[in-house]
Amino acid sequence: MDDRVERRMGSVPEPPTAPTDATSDHRVELLERGPFLIARCSCGWAAPARRSRPLARNEARTHMAADAGG
């Protein structure tokens with residue numbers, strides 16, 4: 001999830017991030033929706049759509065870290 005790899009076309013999903021814990025079934029993906037980036041997880045969690053790509057990525061990392069920690 002690097003700012004240099006942002007996709008600027010339509011709703012092309014960014015590659016899912018790998019879970020930090022191999023036993024976890026959480027898979028987070030980042031989806032482009034016009035000017036917004038949406039983070040969502042296979043567990044059903046979803047962050048609000050954000051114009052700030054770094055904020056959306058940070059929310060995804062925070063969700064993954066919370067899952068790995070507990």
Side-chain angles (χ1 to χ4, degrees):
M1 295 190 292
D2 186 343
D3 288 339
R4 293 173 285 147
V5 187
E6 285 187 26
R7 289 184 171 64
R8 303 228 182 248
M9 300 176 62
S11 61
V12 177
E14 291 192 11
T17 59
T20 54
D21 177 6
T23 62
S24 175
D25 62 348
H26 289 251
R27 305 261 325 151
V28 174
E29 63 182 348
L30 300 169
L31 302 169
E32 291 276 350
R33 297 285 191 234
F36 297 97
L37 189 65
I38 301 168
R40 67 179 183 188
C41 182
S42 61
C43 73
W45 171 87
R50 303 287 188 189
R51 285 185 189 265
S52 169
R53 270 104 177 111
L55 180 57
R57 290 184 186 102
N58 187 46
E59 289 174 337
R61 283 188 205 102
T62 300
H63 173 72
M64 296 288 291
D67 176 53

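Values below: all heavy atoms of this structure, side chains included; hydrogens, waters and symmetry mates excluded.
Heavy atoms only, all atoms of each residue included: Ile38 and Ala47 are closest at CG2-O, 4.0 Å. Taking both residues in full, the closest heavy atoms of Arg53 and Pro35 are given as NH1-O, 2.8 Å, listed atom of the first, atom of the second, then distance. For Val28 against Ala60, the heavy-atom pair with the smallest separation is CG1-CB, 3.6 Å.
One distance of note links SG of Cys41 with CD of Glu29; it measures 9.0 Å at 0.5 Å rounding. In this structure, CZ in Arg40 is found 13.0 Å from NE2 in His63, a value given to the nearest 0.5 Å. For the atom pair CZ of Arg57 and CG of Leu37, the computed distance is 6.0 Å after rounding to the nearest 0.5 Å. Taking OG of Ser42 as the start and NE2 of His26 as the end, the distance is 6.5 Å to the nearest 0.5 Å. To the nearest 0.5 Å, atom CG of residue Leu55 and atom CZ of residue Arg50 are 4.5 Å apart.
Taking the side chain as every heavy atom from C-beta outward, Phe36 and Arg51 approach each other to under 4.5 Å.
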